[in-house]
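Below, each value reflects all heavy atoms present in this structure, side chains not excepted, and no hydrogens, waters or symmetry copies.
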Amino acid sequence: MSEADHAKLEAFLQRAPYIRFLGMRAELAGDEMTAVLPFQPHLVGNTMIPALHGGVIGGFLEATALAQLWVTQGSGRLAKTIDVTIEYLRPGRAMTTYARAELRKVGRRVANVHVEAWQEARNTPVAALRGHFLLAEA
């Protein structure tokens with residue numbers, strides 16, 4: 001991806017207050033974007049384990065999908081969430097979490113996106129998102 005794509009992605013991440021609150025960042029390598037959620041104590045929901053709050057994980061997954069659409073669609077306007085389903089597969093422990101979005105189908109108006117988040121190993125995801133997003137009209 002080009003420097004323009006990197007700048008576009010950074011602008012997206014700085015645009016939303018909740019993404020800034022999470023401390024989310026993203027790395028581009030070729031045509032793949034990996035979202036990174038560095039662990040911070042204020043993200044813990046269950047202090048007994050400790051585990052990340054489910055809303056933090058869900059927000060991170062949705063932001064990853066929107067960031068991937070922002071970079072690949074190039075319209076300059078944010079896609080809008082139609083619906084999402086989140087599968088919480090195992091506790092998100094107090095450590096850095098990563099996510100990647102796969103654009104399963106991108107039509108003229110709607111995109112179908114799948115996102116998986118993991119911590120230590122990509123083949124053992126902590127959560128997954130399946131969602132539909134309304135694309136900005138050109």
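- Put simply, CG on L37 and CG on L61 are 9.5 Å apart, with the number rounded to the nearest 0.5 Å.
- Rounding to the nearest 0.5 angstrom, the gap separating the CD1 atom in I19 from the CZ atom in R25 is 14.5 Å.
- Residues V36 and I57 do not share a hydrophobic cluster, clusters being chains of Ile/Leu/Val/Met/Phe/Trp/Tyr side chains in contact below 4.5 Å.
- Distance check: L66 CG to F12 CZ gives 5.0 Å after rounding to the nearest 0.5 Å.
- T81 pairs by the side-chain hydrogen bond (donor to acceptor under 3.5 Å, both in side chains) definition with E62, not counting sequence neighbours.
- At a threshold of 4.5 Å between side-chain heavy atoms, the hydrophobic network of Ile, Leu, Val, Met, Phe, Trp and Tyr places W118 and V113 in two separate groups.
- For the atom pair Y18 OH and M24 CE, the distance stands at 11.5 Å (nearest 0.5 Å).
- When all heavy atoms of L22 and G59 are compared, the closest pair comes out as CD1-C, 4.3 Å.
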Go through the steps for H53 and L43 under the test side chain to side chain contact (heavy atoms under 4.5 Å, CB included), then give the verdict. CA-CA 6 Å; H53 190 283; L43 303 179; over 6 Å; no

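- L52 contributes atom CG, which lies 5.0 Å from atom OG1 of T97 (distance to the nearest 0.5 angstrom).
- Checked for salt-bridge contact, R100 and E32 meet the test: a charged N lies under 4.0 Å from a carboxylate O.
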Give the intermediate values and the outcome of side chain to side chain contact (heavy atoms under 4.5 Å, CB included) for residues Q73 and V106. CA-CA 9 Å; Q73 295 307 298; V106 178; 3.7 Å; yes

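- Side-chain atoms of R109 do not come within 3.5 Å of backbone N or O of L134 as any donor-acceptor pair.
- The shortest non-hydrogen separation linking G23 to P38 is O-CD, 3.3 Å.
- A donor-acceptor pair under 3.5 Å is absent between the side-chain atoms of Y88 and the main chain of V126, judged by distance alone.
- The two atoms that bring A51 and P91 nearest to each other are CB-CB, 4.4 Å, heavy atoms only.
- Residue A99 comes nearest to V115 through the heavy atom pair CB-CG1, 4.1 Å, listed as atom of the first residue, atom of the second, then distance.
- The side-chain heavy atoms of F39 and V44, taken from C-beta on, include a pair separated by under 4.5 Å.
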Can you check side chain to side chain contact (heavy atoms under 4.5 Å, CB included) on L129 and E87, steps first, answer last? CA-CA 6 Å; L129 172 143; E87 302 166 354; over 6 Å; no

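- Checked by atom type and distance alone, the side chain of H42 pairs as donor or acceptor with a backbone atom of F21 at under 3.5 Å.
- Checked by atom type and distance alone, the side chain of Q119 pairs as donor or acceptor with a backbone atom of R93 at under 3.5 Å.
- Listed for the R20 side chain is a donor-acceptor partner under 3.5 Å among the backbone atoms of Q14.
- The closest side-chain donor-acceptor pair between T34 and E27, if any, does not fall under 3.5 angstrom.
- At least one side-chain heavy atom of T64 sits less than 4.5 Å from a side-chain heavy atom of M33.
- Between the side chain of W70 and the backbone N or O of K8 there is at least one donor-acceptor pair closer than 3.5 Å.
- When the side chains of ILVMFWY residues are joined at heavy-atom separations under 4.5 Å, either directly or via intervening members, F60 and Y98 end up in two distinct hydrophobic clusters.
- The CG atom of L135 sits 8.0 Å away from the CD1 atom of I82 when rounded to the nearest 0.5 Å.
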Run the side chain to side chain contact (heavy atoms under 4.5 Å, CB included) check on E120 and M95 step by step: do they pass? CA-CA 9 Å; E120 293 180 309; M95 59 192 318; 3.4 Å; yes

